[in-house]
Amino acid sequence: MVSYDDLEMALEFSSSGDEFGSCSYIDVESGKIYYVSDFVDESYPEDIDVNDKYKLVPHKRELGLGKSLVIDFSEKYIPNMVGNIQRVFSSRGAYSAFKEILEDNGLLEKWYEFEKEETQKTLVQWCNEVGLEVSI
């Protein structure tokens with residue numbers, strides 16, 4: 001069993017940037033999380049990437065929690081701005097620009113709520129798929 005808070009932290013670590021080569025694995029038997037990166041001095045099992053008992057925590061994009069979540073939110077709450085938001089996400093600094101749009105429209109807190117709910121739902125579903133029990 002793994003706590004949801006620890007799972008969410010592992011997701012953030014795994015999604016922290018491709019340039020850092022960061023990833024995290026969860027031992028489905030013990031719930032222990034291993035953080036793997038050139039910048040982390042932590043030991044981990046040698047067979048972590050080949051043994052089925054260790055599950056690689058996916059990147060947010062792989063779970064539909066990146067740009068696609070932004071578009072889902074936009075279609076639901078500000079459908080008249082979806083085209084503009086899609087254009088924003090074709091350049092650097094997209095999340096900052098997106099949050100400015102939300103703030104200008106009084107939707108920033110709504111976004112954080114939506115993102116939190118969807119992340120939790122998606123992570124719990126992923127845990128069910130890989131046979132990992134999660135405590136919320």
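All of these numbers come straight from a predicted model, not from anything done at the bench.
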Measure the spacing between [atom1] of [X] and [atom2] of [Y] and express it to the nearest 0.5 Å.
X: Gln86; Y: Ile71; atom1: CD; atom2: CD1; result: 4.5 Å
X: Ser16; Y: Lys60; atom1: OG; atom2: NZ; result: 10.5 Å
X: Leu107; Y: Met81; atom1: CG; atom2: CE; result: 10.0 Å
X: Leu132; Y: Lys55; atom1: CG; atom2: NZ; result: 9.5 Å
X: Leu63; Y: Glu118; atom1: CG; atom2: CD; result: 12.0 Å
X: Leu65; Y: Lys121; atom1: CG; atom2: NZ; result: 10.0 Å

Please report the closest heavy-atom contact between [X] and [Y], naming both atoms and the distance.
X: Ala97; Y: Val88; value: CB-CG1, 3.5 Å
X: Leu56; Y: Cys23; value: CD1-CB, 3.7 Å
X: Tyr54; Y: Pro45; value: OH-CG, 3.2 Å
X: Thr119; Y: Glu8; value: CG2-OE2, 4.3 Å
X: Ile33; Y: Ser24; value: CG2-CB, 4.2 Å

[Y] side chain reached by [X] side chain, heavy atoms, under 4.5 Å:
X: Phe13; Y: Met9; value: no
X: Ser15; Y: His59; value: yes
X: Tyr35; Y: Val57; value: no
X: Cys127; Y: Leu7; value: yes
X: Val36; Y: Asp49; value: no
X: Tyr25; Y: Tyr44; value: no
X: Ile85; Y: Ile78; value: yes

Any chance CD of Glu129 has more than 12 other-residue heavy atoms, nucleotides or ligands included, within less than 6.0 Å? yes
Is it the case that atom NZ in Lys32 sees more than 12 heavy atoms from other parts of the structure closer than 6.0 Å? yes
Using the rule that Ile, Leu, Val, Met, Phe, Trp and Tyr join whenever any side-chain heavy atoms are under 4.5 Å apart, tell me whether Trp126 and Met1 fall into a single cluster. no
I'd like to know if Ile26 and Ile136 are part of one continuous hydrophobic network [Ile/Leu/Val/Met/Phe/Trp/Tyr, side-chain heavy atoms within less than 4.5 Å]. yes
Taking Gln120's backbone N and O only, do any of them form a donor-acceptor pair with Tyr4's side chain (distance below 3.5 Å, no angle check)? yes
N/O donor-acceptor pair under 3.5 Å between Ser22 side chain and Ser37 backbone: no
Tyr77: what forms a ring pair (Phe, Tyr, Trp, His ring centres under 6.0 Å) with it, not counting sequence neighbours? Phe73
All pairs passing side chain to side chain donor-acceptor pair (under 3.5 Å) where residues 87-115 contributes a residue, at least two apart: none
Under the rule for side-chain hydrogen bond (donor to acceptor under 3.5 Å, both in side chains), what residues qualify as partners of Asn84, not counting sequence neighbours? none
